[in-house]
Amino acid sequence: MTIASNISAGLDRVLTMELVRVTERAAVAAARLRGRGDEKAADQVAVDAMRQELNRLAIKGTVVIGEGERDEAPMLYIGEEVGTGRGPEVDIALDPLEGTTICAKNLPNALAVVALAQKGSLLNAPDVYMEKIAIGPGYPEGTVDLDAPPAENIVNLAKAKGVPVTEITACILDRPRHAKIIEAVRSTGAAIRLIGDGDVAGVIHTTDPDETGIDIYMGIGGAPEGVLAAAALRCIGGQMQGRLVLDTPEKIERAARMGVDDPKRVYRAEDMARGDVLFAATGVTDGNMLAGVKFGRNSITTHTIVLRSSSRTVREIKARHQDLEKF
Ligand code: VTB
């Protein structure tokens with residue numbers, strides 16, 4: 001298949017498996033620094049490892065969601081070109097260590113994450129906040145709405161799920177800015193799982209409530225994390241809405257430079273990650289969906305989820321790595 005026909009037919013299937021190596025390597029590097037209280041060091045090794053693996057892929061890739069803007073991030077900055085340069089032109093969203101604090105404290109759900117899409121199909125979100133709401137697959141369109149009161153969303157979700165409100169659990173970042181949402185959700189009788197960080201995992205967890213215990217994600221988190229979560233939801237199914245928090249002229253201007261012409265726009269998952277999307281996440285610390293990296297005497301075990309939007313395939317890959325020199 002030629003590169004041109006690859007693009008028109010979607011992304012090369014082989015890339016799905018190649019992407020697994022990218023997050024595996026980043027996760028193993030970060031996991032070596034779990035629980036050491038050093039966020040920066042854990043992030044740095046994950047970035048190095050992810051960049052090395054990305055540069056092995058047969059793609060002409062551009063980082064659109066990365067470690068920051070060029071002047072503030074020496075590696076995997078927005079606009080950095082990655083890959084061998086021979087292959088399809090793709091956009092990449094990444095977070096080599098989503099949940100640096102979680103990793104430093106060795107708490108659940110730190111992930112290494114990457115999403116890949118055809119060029120021009122990922123929202124180029126500035127590093128600002130995003131209001132988010134997400135639920136898993138199987139609910140009628142419009143079951144929840146970013147602009148509806150939080151209590152109403154919870155009640156509508158319970159109805160759509162066919163359970164009492166008390167059986168609904170919302171995942172919310174534990175931040176003072178969420179005091180009102182937390183109060184409103186609790187007033188319905190629903191439960192809340194307050195998380196310290198890691199809202200990419202929080203959103204993904206809504207796709208499998210039986211496994212994770214999470215039905216809905218609500219609240220304000222990072223916009224780059226929002227695009228990554230949207231990419232995952234595009235592949236698994238589910239509904240998500242997000243709106244950039246552009247509360248100063250400077251942020252509006254910065255977003256405009258990145259192509260955001262309507263600062264108040266509500267993006268659905270399919271607006272943030274369009275077309276054929278691949279997504280991979282490897283557990284760094286043990287989590288509700290993915291096990292963390294395990295270091296054995298003669299092997300290292302990783303647990304990865306790898307997804308593709310066009311086929312909606314959800315693959316879980318538990319890998320035992322025995323060539324330890326590579327890590
Ligand atoms: C969330 C969380 C991330 O940033 O997006 C959060 O998922 C939002 O920012 O893991 P604040 O910490 O300022 O609330 C992280 O915590 C870090 O990127």
Side-chain angles (χ1 to χ4, degrees), residues 23 26-27 30-31 33-34 37-44 46-47 50 63 65-69 72-73 75-78 93-115 123 125-134 146 170-182 192-207 212 214 216-233 240-248 251 267 269 272-273 279 281-290 292:
T23 53
L33 295 178
R34 278 185 308 223
D38 191 341
E39 280 109 347
K40 275 215 172 109
D43 195 42
Q44 188 57 57
V47 169
M50 181 170 277
V63 175
I65 298 279
E67 286 294 288
E69 290 173 31
E72 65 200 31
M75 275 194 215
L76 296 180
Y77 54 83
I78 297 165
L94 52 86
D95 197 344
L97 181 55
E98 154 61 349
T100 49
T101 310
I102 301 178
C103 178
K105 292 183 176 172
N106 208 351
L107 289 170
N109 293 315
L111 304 174
V113 190
V114 71
L123 175 66
D127 193 3
V128 296
Y129 283 128
M130 180 186 272
E131 297 172 67
K132 308 173 192 176
I133 190 162
L146 191 62
C171 177
I172 301 178
L173 274 170
D174 192 2
R175 298 288 188 277
R177 63 176 178 267
H178 291 147
K180 280 209 175 108
I181 299 186
I182 291 169
I192 297 177
R193 182 173 301 162
L194 281 175
I195 56 169
D197 290 283
D199 71 350
V200 175
V203 171
I204 297 175
H205 288 162
T206 66
T207 63
T212 64
I214 301 293
I216 179 167
Y217 177 85
M218 308 166 94
I220 298 173
E225 287 87 347
V227 176
L228 280 161
L233 243 55
M240 179 174 176
Q241 292 170 10
R243 180 168 42 218
L244 299 170
V245 180
L246 300 172
D247 49 7
T248 64
K251 286 181 196 164
Y267 295 92
M272 291 190 257
F279 176 94
T282 302
V284 176
T285 57
D286 277 337
N288 301 77
M289 222 170 182
L290 292 169

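Whatever order the structure lists ligands and atoms in, that order sets their numbers, starting from 1.
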N or O contact, K132 vs ligand 1, cut-off under 3.5 Å
no

Drop me the distance from [X]'s [atom1] to [Y]'s [atom2], to the nearest 0.5 angstrom.
{"X": "K251", "Y": "L244", "atom1": "NZ", "atom2": "CG", "value": "10.5 Å"}
{"X": "L107", "Y": "D197", "atom1": "CG", "atom2": "CG", "value": "9.0 Å"}
{"X": "M240", "Y": "I204", "atom1": "CE", "atom2": "CD1", "value": "10.0 Å"}

Top protein contact for [atom], by heavy-atom distance:
{"atom": "atom 7 (O) of ligand 1", "answer": "D199 N, 2.5 Å"}
{"atom": "atom 2 (C) of ligand 1", "answer": "G198 N, 3.5 Å"}
{"atom": "atom 15 (C) of ligand 1", "answer": "D197 OD1, 3.7 Å"}
{"atom": "atom 13 (O) of ligand 1", "answer": "Y129 OH, 2.4 Å"}

Answer whether the closest heavy-atom distance between the side chains of L228 and E98 falls below 4.5 Å.
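L228 vs E98: side chains apart.
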
Sequence neighbours left out, what passes side chain to side chain contact (heavy atoms under 4.5 Å, CB included) with E131? Give chain and number order.
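Scan of E131 (side chain to side chain contact (heavy atoms under 4.5 Å, CB included), adjacent residues dropped) gives L146, I220, R243, V245.
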
Just going by heavy-atom distances, which of R175, E225, H178 is nearest to atom 14 (O) of ligand 1?
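The option holding the nearest heavy atom is R175.
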
Which ligand 1 atoms are under 4.0 Å away from a heavy-atom of G222?
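In order of numbering, the contacting atoms are 1 (C), 5 (O), 8 (C).
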
Heavy atom under 4.0 Å from ligand 1: found in L173's side chain, backbone, both, or neither?
side chain

R193 side chain vs I214 backbone, donor-acceptor pair below 3.5 Å:
no

